*Asks:* 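Sharing a structure below in structure tokens format, with a few things to ask.
What you are looking at is a predicted structure, and each value in this text was computed from that prediction instead of being measured. Below, chains carry the letters A, B, ... as their sequence lines are ordered, and counting in each starts from 1.
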Amino acid sequence: MKTGIGAKVPRKEDARHLNGTAQFVGDIKMSHLWEAAYVRSPLAHAKIKSITKPEGFEDRVFSMADMVGLGPIAAQSTLPTYNQSNHWPLAKDKVRFVGECIVMCVAPTRAEAEDLAEAVIVDLEPLPVHVTVDTALAPNAEKLHDEWENNLFLTTQFDTDLTEIRKTAAVVVEREYSTARQCMAPMEGKGALAYWDGKADQLVIYTSTQVPHLIRTGLAECMGLDQGEVRVIAPDVGGGFGYKCVLQPEELTVGWAAKHLGRPIRWTEDRREHLTAGANTREHKYKMTAYADDTGRLLGVDADIWVDVGAYSVWPFTACLEAAQAGGNLPGPYDLGAYACRTYSVATNKPGFTPYRGVARPGVCFAMELTIDAIARAVGRDPLDVRRLNLVPGSKMPYTNITGKFYDTGDYPEAARQAAEMIDAKSFAKRKAEAASTGRHLGIGFSSFTEQSAHGTKVFASWGLALVPGYEQAMVKLAPTGSVEVKSGNQTTGQGLETTIAQVASDWLSLDISSIKVTMGDTGMTPYSTGAYASRGMVMAGGAVSKASEELARRIRVLGAHLLQCKAEETELKDGAVFRGAASVSLKQIAQAWYLRPDLLPDNIETTGMEVTEGYKPTIDTGVFTYATHAAVVEVDIETGKVDILDYVIFEDCGTRVNPLILDGQSYGGAAQGIGTALFEEVIYDSAGQPLTSTLADYILPGPAELPSFRLGHSESPSPYSRHGIKGVGEGAAIAPSGALVNAINDALTPFGAEINSIPATPHRILQAIFDARDAREMLEAAE
Amino acid sequence: MKPVPFSHNIADTLQLASKALNTDGSKIIAGGQSIGPMLNLRLVRPTTLIGVTRLEELQKIHIIGDTLSIGAAVTHARIEDGIDGVDLPPMMRHVARSIAYRAVRNKGTLGGSLAHADPAADWVTTMTALDAQLVIRDARGKSRREPMASFMRGAYRTGLQQDECITAVEMPVAMGQALWGYDKICRKVGEFADAIGAIVIHPDLKYARVVVGATEDAPLLLPDMAREIARTATAPSLGDIDSTLATYLPGASRVKRQLLKTALSRAIAKVIPS
Ligand SMILES: Cc1cc2nc3c(=O)[nH]c(=O)nc-3n(C[C@H](O)[C@H](O)[C@H](O)COP(=O)(O)OP(=O)(O)OC[C@H]3O[C@@H](n4cnc5c(N)ncnc54)[C@H](O)[C@@H]3O)c2cc1C
């Protein structure tokens with residue numbers, strides 16, 4: 001089929017986005033709709049002494065005490081040492097980060113709601129603040145959660161014996177790395193609109209979410225409602241990235257207010273709210289020791305990883321998913337014989353950590369890739385060679401790594417070789433020398449990773465989550481007009497799933513995707529799915545649509561065979577019709593026979609109908625692994641610390657490419673976000689826990705002019721464990737840029753003896769590193 | 001992020017605008033590109049906003065004698081395009097192009113930028129380098145002139161009184177022939193500067209100015225350095241620039257000084273290639 005799997009078709013969703021006719025939460029019009037604004041905590045840690053509402057507006061201003069029946073967000077975990085937090089949707093007794101909701105105000109317009117919010121008086125008594133994991137872990141540190149023993153959500157440990165390696169390794173590389181706290185900054189912020197539907201006797205909530213069915217469960221639980229009393233609709237969503245895969249306090253309070261006020265209530269997150277209360281991801285700290293032989297062959301890695309997870313554990317993914325992923329993924333695509341790692345999920349006075357595109361892997365990939373380059377420098381070899389020496393080779397596939405990850409297919413060193421070829425690594429030394437002769441400083445860097453995608457039931461269960469994904473379901477229906485309807489409880493947030501799952505159905509049903517209508521994200525209309533995260537959409541929803549379409553195709557052929565007066569086995573479904581030899585009946589004729597003229601069909605016809613719901617998961621739960629190598633050439637202006645990306649290539653393999661155009665788009669977008677992580681984005685706090693980057697003038701996102709023209713290369717190693725050999729690819733490109741770019745920067749800085757180990761690699765950090773190296777050199781010279 | 005309630009008054013004449021301005025709590029809005037965010041953050045809480053971009057006097061670009069006069073409400077985009085029939089100094093057109101993005105330049109105005117007095121903004125440094133005079137009118141209709149070099153008192157502080165409005169910016173027409181260098185260091189395209197270096201030299205007018213911008217204060221004039229460059233036609237060494245900056249800006253961090261030093265030396269290099 002020309003719009004089937006593998007077709008480069010433009011996206012179905014583009015027209016409405018380009019015409020401005022898409023419908024986001026903020027676009028919805030409804031009579032009697034009121035808007036909400038929140039009084040948010042101005043302090044990072046404080047006791048709430050009193051709340052005084054403006055006189056005469058008590059019926060529009062709500063504190064937690066007013067919201068009777070609403071419970072806290074309390075993400076559970078089955079891991080034994082886990083400390084649970086209660087995140088009340090409006091703070092009760094205590095506030096734990098700047099931006100935490102304390103009071104909700106509603107009014108006909110947002111401006112009036114903000115006027116009310118300003119008139120509320122909240123009396124706070126400040127408490128000591130933890131802005132770093134170090135102070136939070138100090139002895140006798142002030143506790144965020146009084147009932148805990150310390151400020152640790154969880155510690156984990158992985159340990160294979162390193163004693164022997166420590167004794168014998170020729171090369172030992174020790175480093176400390178850190179990654180900044182970030183905001184995910186989707187174009188559309190969060191938003192939710194709720195009303196009570198009297199006829200359905202149901203709370204209906206439109207919310208900008210990746211996981212409508214999960215939110216339904218969470219809302220029902222916290223609001224004390226039956227699932228049947230809640231319908232969640234995700235309308236158009238302008239970017240999710242993980243930010244919208246957790247239950248948010250505002251969803252709960254908007255729901256409560258709509259139910260109790262009997263009118264629609266909406267909250268639309270503004271940029272300032274996002275950059276403060278939504279500053280919730282990426283912050284890691286590493287202490288790493290790597291052992292290698294004198295060729296640069298890795299022997300073992302020993303690491304401590306601290307994740308600054310903020311004040312609360314998010315539902316359902318908890319504050320601990322990040323550290324679990326970090327500890328499990330640090331070895332990455334490398335063939336590693338020994339590994340020890342301790343992780344600490346530390347509570348601080350910041351917003352609760354939420355998994356962001358790539359989940360932990362942008363951090364661990366950065367740490368591992370810098371370590372590989374450091375080893376290469378220590379043994380005096382080309383980092384590319386050391387990388388290729390250590391990557392799991394194709395000949396070892398499938399391969400179970402040291403942390404038990406099962407790499408299904410691929411050839412990792414080959415991807416590195418291809419990336420090197422694309423960027424012409426061979427001639428780089430010459431280019432570098434030429435540039436140096438005119439005072440320009442170039443560097444080259446590589447970064448390799450695997451992207452575990454669509455990891456399933458057992459993996460999530462092992463991370464202790466109380467809510468674990470299982471079989472993904474999808475419904476596929478032949479409509480009376482001969483067109484097809486696909487319904488999936490997954491959600492598209494801009495990643496093109498509406499098109500790609502239509503392509504899967506197109507393949508089975510031999511219809512153009514323009515005749516395939518996809519509905520997603522409405523719990524009232526779609527079968528259950530845990531939603532869009534963990535690069536699972538294409539594998540899981542695609543697989544479920546494939547299975548349902550296959551069955552529908554079979555049923556269509558049975559009906560077609562009746563009409564053609566032959567056996568189903570004698571027929572073929574192609575070009576939108578069922579054929580027996582040259583004779584055919586179109587899908588439309590078949591649909592009409594079933595729905596409108598059943599008198600044409602025999603009495604003993606199969607009665608299952610033209611509507612199929614199927615459940616699906618891959619034949620393994622451990623996920624299917626996409627992999628790639630990124631390579632970059634940069635120029636560092638050593639007088640300003642500015643980094644110019646001169647060339648950037650990605651060689652990736654995600655198994656079967658369902659839509660090469662969309663795949664490229666995912667790579668561009670992911671790499672752009674990764675460049676933000678590498679060079680620009682950083683939430684800065686002062687010592688009192690005040691975020692200083694509360695506007696986009698201070699929180700710097702890369703723009704088009706800061707991004708290179710990415711060049712992409714592909715190979716295809718389909719997975720034998722998923723339908724059509726598909727692997728997930730949504731997160732991957734965001735993982736590698738920090739490794740590739742900072743390795744390139746460090747290559748350029750070698751002549752100055754400077755090294756960057758913290759991201760973002762801002763001009764300030766780069767200049768400071770050059771100064772520090774110069775000072776150290778001068779001190780040494782002075783001493784001599 | 002919504003402003004406090006205010007009334008919006010779009011003045012038809014300068015007289016009416018000035019009169020409206022003479023009440024407490026009223027404030028001018030020009031392109032709204034700086035005051036807009038401040039309103040939304042409720043950092044400014046006016047009772048009345050007086051729009052001035054429709055006032056003809058503030059829109060004019062013209063030459064009177066040997067003085068070039070640019071209306072305060074002329075947008076960055078008009079300066080960038082330079083299609084008003086009056087030649088603008090090439091330095092101005094160059095600088096305009098590096099301010100923000102076109103969408104902001106279509107709205108933002110020269111007068112608004114100077115009145116806002118953000119130390120990191122481009123016009124405050126450029127106009128200091130070009131020795132511009134601000135024409136300022138009060139509620140009674142009286143105009144005064146103040147040189148840019150003294151108008152900005154510090155970060156976001158100027159010599160404007162509550163009832164005053166900038167109507168135009170003036171400079172000698174001859175500035176169009178000056179030698180100039182301008183270097184802006186910023187994190188990304190369209191961003192405010194982390195450092196600015198500017199130099200303007202006009203041998204016939206015996207004019208030489210060296211200015212450092214984005215210092216977190218009003219633009220810094222370096223008259224001795226300017227005189228020396230004009231006299232010797234050689235660029236100061238990086239070490240000289242560094243020690244001059246260290247003297248004038250003792251509070252600046254090493255990184256900040258490095259950026260200012262680089263911006264200034266690169267600006268000078270455009271006039272005196274090494
Ligand atoms: C995304 C973005 C990026 C930007 N980047 C840059 C940059 O790189 N470089 C740069 O220089 N600027 C930058 N700016 C600022 C921009 O140049 C603004 O246009 C400028 O600072 C203010 O001009 P305005 O006409 O918008 O003034 P407004 O915002 O309308 O007003 C600003 C202030 O000036 C007062 N005011 C306005 N006109 C007058 C007048 N005639 N007389 C007296 N007072 C007056 C107002 O009362 C107000 O206090 C940026 C702005 C944005 C939004």
*Asks:* Between A:D637, A:L679, A:T695, A:I770, which residue shows the highest count of heavy-atom pairs closer than 4.5 Å to chain B?
*Replies:*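 Max contact count across the listed options: A:D637.
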
*Asks:* Side chains of A:Q248 and A:W267: any donor to acceptor distance under 3.5 Å?
*Replies:* no

*Asks:* Counting only non-hydrogen atoms closer than 4.5 Å, does B:E191 touch chain A with its backbone (N, CA, C, O), its side chain (CB onward), both, or neither?
*Replies:* side chain

*Asks:* Quick one: what part of A:P704 sits under 4.5 Å from any heavy atom of chain B, side chain, backbone, both or neither?
*Replies:* neither

*Asks:* Inspect the surroundings of CD in B:Q162 and state if more than 12 heavy atoms from other residues, nucleotides or ligands are less than 6.0 Å away.
*Replies:* yes

*Asks:* In terms of heavy-atom proximity below 4.5 Å to chain B, should A:E112 be classed as side chain, backbone, both, or neither?
*Replies:*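 Neither part, no heavy atoms under 4.5 Å.
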
*Asks:* Ring-plane angle category for A:F710 and A:Y668, please: parallel below 30°, perpendicular beyond 60°, tilted otherwise.
*Replies:* parallel

*Asks:* Should the heavy atoms of other residues, nucleotides or ligands under 6.0 Å from NZ of B:K107 be counted, would the total exceed 12?
*Replies:*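 Open: at most 12 neighbouring heavy atoms sit under 6.0 Å from NZ of B:K107.
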
*Asks:* Select one option (side chain, backbone, both, neither) describing which atoms of A:E706 are under 4.5 Å from chain B's heavy atoms.
*Replies:*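 Just the side chain, heavy atoms under 4.5 Å.
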
*Asks:* Above 12 or not: heavy atoms from other molecules or residues under 6.0 Å from CZ of B:R254?
*Replies:*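 Count over threshold, so yes.
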
*Asks:* Taking every heavy-atom pair that is under 4.5 Å apart, which of B:R42, B:K256, B:Q258 has the most such pairs with chain A?
*Replies:* B:R42

